[in-house]
Amino acid sequence: MTTLSRFTNLAAALAAASLLAACSEPATDVNTAEPAKTQTEEAQQALKLTEVNPRLGEYIKTLSSDEFQGRAPATKGEELTVAYLEDNFRRIGLKPIDGDSYKQPVSLVQIDPKEVSAMTLSGDNVPAQFAYRDEMTAWTKQVTEQVEVKDSDMVFVGYGIVAPEYGWNDYEGLDVKGKTVVMFVNDPGFATQDPKLFNGNAMTYYGRWTYKYEEAARQGAAMALIIHETDAASYGWGVVAHGSPIKFDLINENKNADLAKVEGWITTESAEKLFANVGTDLATMHKKALEKDFAPVPLNTKASITVKNNLRELTSSNVVGYIEGSKYPDEYVLYMAHWDHLGMDFSNPTNKVFNGAQDNASGTGGLLALAEYFTQQPQPERSVVFVAVTAEERGLLGSAWYAANPVFPLEKTVVGINMDVMNVYGPMKDMVIVGLGNNNAEDILIKYTKQQGRYAVREHNPEAGIAYRSDHFNLSKKGVPILYAKGGNDHFEKGADWGKAQRAEFNKCCYHKVNDEYDDNWDLRGAQQDLFLFYQVGNELANSRSWPNWNEGNEFRALRDASADQRN
């Protein structure tokens, strides 16, 4: 049966099942002893035609077993995980990248702040200090045992954004070398809810806190502080100040000396005290930061802080295999998922393993299942690459290493498709495309989504910046068009409220907790549906001359365009 006929039948079956469920009870044939199949049963049968690989559950279950010890980088869990991935890549026939090895070594450093001083302040009407974790939190990503910022002039820089495509520059005419910059989180579009300003309610890259530290470093700031506001950040103060203070980063030659000495957050209450020192307040500064003629505001305060670290260098691995293209082997369709999770909680007397079944043994299992399916199809014209990256949970570091040291040229990478937390709750009518509207590769995904009798939607909270919080983001920053999508909440039998409740329960009970374990009762038909969509998108692009791009106005469009002459 051809791909098209599979989805013609599926679309009809799902559509009929949905309509019937809304209208009446399933009918039976009174002329026979056997009940006729209901439309729901027909839809379930049609779903089997989207099954990419019956071994998907086996892959997820194995990767999330206690034996794999939570898959933390640079542990026994990594050793077992990487060996398992390599063995399966080899078994299914993917080509290795280095002799007979599929491993791309990744050099990491663990930065453990063993001592962070209070932030002392000097000014006419400011407190003597901000207390660590209560009024501010701070760290350094410079790879050194100690950093000190002393008597650094503090200046408010609005949103801390330089965005030429939006005609926005909060640093215009300002020299912040050696100074401490203070700024709001998120971006002006969120603050105003104006769809014509940046991207309206949906966060752009410029609203992400990581960008703000990067830009502050480019401007030469000694310290960069973000004002915490729960709605704008999408999480509370406890998330930024009371989690583990340990940071991880990539090892590089300059040991991150080009970054600001200190990065951190301050509470809104702390910000109010700084603003009061210059006769203003938070609400007024919010308005000022949105003015077209905004000028940075000196806060007439000097800040000092010291951070002392313990350092440990680690080596981990991305796992990379590929199918070589028959006609255009130097052009690449790339699939990725992160294999790592949080390891072990040795203080827990009853359950020590962060199994990470949904996050992200499901995505890694999906990567294996999809790779195996691809090897059973006709050889694609372009090469198809499968990358299982490390250290996502440590700050998207494995993908950052790949982006900085690509095995295959990024300017010749057609598209990246990321899989992070697959749908384990059964077939869904909706397909959530994170950052919907960003690039035209989405058009291909939407086409095949419709053939499944489904519909595409954007994530429900675009203001949270989910498009910048998984591994695909590091490829986005290099200009590679990315698809990050997953089955939604609108279950084709049980409805959207049921699906939403399942997601909420997972977030409550299991996300980043030891309870994220494999369940034999999971309904993986939805994950299979989604994997088949990912296959169709990748297969179409792998057998075409198309080069997807970011849409006009997107912050990554210029990066992609800059390498256009390297693509046919």
Side-chain angles (χ1 to χ4, degrees), residues 1-19 21 37-60 92 333 335 337 358 362-378 380 384 386 417-433 441-457 483-494 499 502 521-543:
M1 185 178 292
T2 66
T3 297
L4 181 60
S5 63
R6 287 180 178 183
F7 280 92
T8 301
N9 292 342
L10 177 61
L14 285 176
S18 177
L19 179 63
K37 285 186 177 180
T38 66
Q39 292 296 324
T40 295
E41 288 169 340
E42 287 184 10
Q44 291 173 342
Q45 181 64 29
L47 279 166
K48 293 181 180 179
L49 298 175
T50 71
E51 185 174 73
V52 166
N53 194 324
R55 299 183 68 171
L56 174 62
E58 171 196 328
Y59 292 144
I60 300 172
I92 65 181
V333 171
Y335 292 91
Q358 288 195 52
S362 67
T364 309
L367 189 77
L368 282 174
L370 195 58
E372 188 167 20
Y373 186 80
F374 252 105
T375 61
Q376 296 165 355
Q377 310 308 312
V384 181
F386 301 89
I417 299 175
N418 184 48
M419 294 176 286
D420 192 352
V421 184
M422 299 292 290
N423 169 30
V424 300
Y425 303 113
M428 301 292 177
K429 297 177 187 176
D430 53 335
M431 187 68 174
V432 176
I433 301 177
E442 296 166 357
D443 297 339
I444 304 172
L445 178 59
I446 291 169
K447 174 181 68 176
Y448 289 117
T449 297
K450 289 178 178 178
Q451 286 188 13
Q452 285 191 345
R454 303 169 68 190
Y455 59 93
V457 296
L483 288 176
Y484 178 30
K486 58 184 74 180
N489 295 330
D490 192 1
H491 194 277
F492 89 107
E493 287 178 313
K494 301 176 182 179
Q502 306 315 300
N521 293 317
W522 280 346
D523 183 351
L524 296 178
R525 293 176 301 160
Q528 299 276 9
Q529 259 189 313
D530 297 343
L531 286 173
F532 202 84
L533 286 180
F534 299 154
Y535 164 74
Q536 287 188 292
V537 173
N539 187 59
E540 176 172 319
L541 287 170
N543 291 286

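Residues take their numbers from the sequence shown, with the count starting at 1. Here the structure is a predicted model, which is why all the values come from computation and not from measurement. Values below: all heavy atoms of this structure, side chains included; hydrogens, waters and symmetry mates excluded.
The CG atom of Leu533 sits 11.0 Å away from the CD1 atom of Ile446 when rounded to the nearest 0.5 Å. Interatomic distance, Ile417 CD1 to Leu370 CG, rounded to the nearest 0.5 Å: 8.0 Å. Distance CE/Met422 to CZ/Phe534: 5.5 Å, rounded to 0.5 Å. To the nearest 0.5 Å, atoms OG1 (Thr50) and CZ (Arg525) are separated by 9.5 Å. Put simply, CD1 on Ile444 and OG1 on Thr449 are 11.5 Å apart, with the number rounded to the nearest 0.5 Å.
Side-chain atoms of Phe532 and Tyr373, non-hydrogen and from C-beta on, do get closer than 4.5 Å to each other. Contact annotation: the side chain of Met431 never approaches that of Tyr448 to less than 4.5 Å [non-hydrogen atoms, C-beta and beyond]. Two residues are said to be in side-chain contact when any heavy atoms from C-beta on lie closer than 4.5 Å; Met428 and Asn489 fail this criterion. Side chains of Ile433 and Val457 form no contact here, defined as non-hydrogen atoms less than 4.5 Å apart. In this structure the side chain of Gln529 never reaches within 4.5 angstrom of the side chain of Phe492, judged on heavy atoms. Looking at heavy atoms from C-beta onward, Leu531 lies in side-chain contact with Met419 at the 4.5 angstrom threshold.
With Asp430 contributing its side chain and Asp490 its backbone, the two residues share a donor-acceptor pair below 3.5 Å. Lys494 contributes no side-chain N or O that, together with a main-chain N or O of Gly499, makes up a donor-acceptor pair within less than 3.5 Å. Panel note: side chain Gln528, backbone Asn53; a donor-acceptor pair is recorded below 3.5 Å. Checked by atom type and distance alone, the side chain of Asn539 never pairs as donor or acceptor with a backbone atom of Tyr535 at under 3.5 Å.
Among residues two or more places apart in sequence or in another chain, the side chain to side chain donor-acceptor pair (under 3.5 Å) test is passed with Tyr335 by none. Qualifying side chain to side chain donor-acceptor pair (under 3.5 Å) partners for Asp530, counting only residues two or more places apart in sequence or in other chains: Arg454. Asp443 is linked by a side chain to side chain donor-acceptor pair (under 3.5 Å) to nothing, counting only residues two or more places apart in sequence or in another chain.
Looking at every heavy atom in both residues, Ala337 comes nearest to Thr364 through CB-N, 3.9 Å. In this structure, Gly426 and Asn423 approach most closely via the heavy-atom pair O-ND2, 2.6 Å. The two residues Gln358 and Ser362 make their nearest non-hydrogen contact at O-OG, 2.6 Å. The nearest pair of heavy atoms linking Asn543 to Pro380 is OD1-CA, 3.6 Å. Considering all non-hydrogen atoms of both residues, Gly57 and Leu524 come closest at CA-CD1, 3.5 Å.
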>> As a quick check of understanding, evaluate side chain to side chain contact (heavy atoms under 4.5 Å, CB included) for His491 and Gln502, giving each step before the final call.
In response: CA-CA 11 Å; His491 194 277; Gln502 306 315 300; over 6 Å; no

